[in-house]
Amino acid sequence: MDTIIKSEDEWRKDLTPEQYAILREKGTELPFTGKYVDNHDEGFYTCAACGQQLFSSEAKFDSGTGWPSFTDPMNLEHVELLADNSHGMRRTEVICKRCGSHLGHLFNDGPIDKGGNRYCINSCALNFEKSDT
Ligand code: FE
């Protein structure tokens, strides 16, 4: 995989302020505000910073949390998981492996019949490409 390395100045230029705060400063959008929370269209979600394919609509489920939630990434190689002990919590951070941008967190309270993962991802960190069926 090609990796994308940019200076923070370049990222700031290429991203909206809202995207920059989440992708590069590890922010979190407010629940139920993101544009993909209730998106049920078929297609795939890409990294808003670098365009890499990350999640399929097939893995999306309604978690009730207010953030787009997925049971698994399209390809485990496309994400990096890191221990995150910030804000007094033990969480697992989900990062785009191609560009190093913050996407969200991984929790283990997802659907049990699908392995129990809940990738809790900021809408702002994603773009959606609808399948043309
Ligand atoms: Fe990326």
Side-chain angles (χ1 to χ4, degrees):
M1 185 198 308
D2 57 322
T3 49
I4 291 185
I5 297 168
K6 293 187 192 182
S7 70
E8 289 310 308
D9 278 350
E10 286 174 291
W11 282 124
R12 226 182 272 272
K13 244 181 278 160
D14 294 346
L15 300 171
T16 67
E18 199 187 12
Q19 287 174 328
Y20 185 85
I22 289 168
L23 290 157
R24 305 306 308 176
E25 299 183 313
K26 306 184 189 298
T28 301
E29 69 199 9
L30 291 172
F32 301 103
T33 62
K35 58 186 168 179
Y36 299 132
V37 178
D38 292 319
N39 182 26
H40 295 103
D41 291 339
E42 280 179 30
F44 53 84
Y45 296 83
T46 59
C47 174
C50 77
Q52 167 161 257
Q53 288 192 5
L54 294 172
F55 298 97
S56 161
S57 57
E58 285 173 33
K60 194 171 188 292
F61 66 99
D62 285 318
S63 63
T65 59
W67 289 283
S69 301
F70 304 89
T71 52
D72 287 294
M74 289 174 77
N75 186 334
L76 269 174
E77 310 258 295
H78 290 186
V79 296
E80 190 169 356
L81 303 176
L82 277 183
D84 172 11
N85 297 323
S86 68
H87 304 287
M89 292 178 273
R90 281 174 187 265
R91 295 182 293 176
T92 301
E93 183 185 1
V94 183
I95 293 166
C96 172
K97 205 164 195 173
R98 186 172 182 225
C99 73
S101 292
H102 173 85
L103 304 170
H105 288 90
L106 167 62
F107 299 94
N108 60 8
D109 57 4
I112 291 167
D113 59 332
K114 288 180 178 158
N117 285 337
R118 172 169 63 93
Y119 284 79
C120 181
I121 306 297
N122 292 286
S123 289
C124 208
L126 300 171
N127 283 319
F128 181 66
E129 295 185 23
K130 200 171 173 173
S131 304
D132 24 47
T133 42

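Order of listing sets the numbers, starting from 1, for every ligand and every atom in it.
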Student: So, taking the atom named CG in D41 and the one named OG in S131, what distance separates them when rounded to the nearest 0.5 Å?
Tutor: 9.0 Å
Student: Have a look around the Fe ion (ligand 1) and list protein N/O/S atoms under 2.8 Å, or say none.
Tutor: C47 SG, C50 SG, C96 SG, C99 SG
Student: Given 3.5 Å as the limit, does a donor-acceptor pair link the side chain of E10 with the main chain of S7, or not?
Tutor: yes
Student: Is a salt bridge present between K97 and E77, judged by a nitrogen-to-oxygen distance below 4.0 Å?
Tutor: no
Student: Should Y20 and W11 count as side-chain neighbours, where that means a heavy-atom distance under 4.5 Å?
Tutor: yes
Student: Angle class for the F55/F70 ring planes (parallel below 30°, perpendicular above 60°, tilted otherwise)?
Tutor: parallel
Student: Can a side-chain donor-acceptor contact be found between E93 and H102 if the only test is distance below 3.5 angstrom?
Tutor: yes
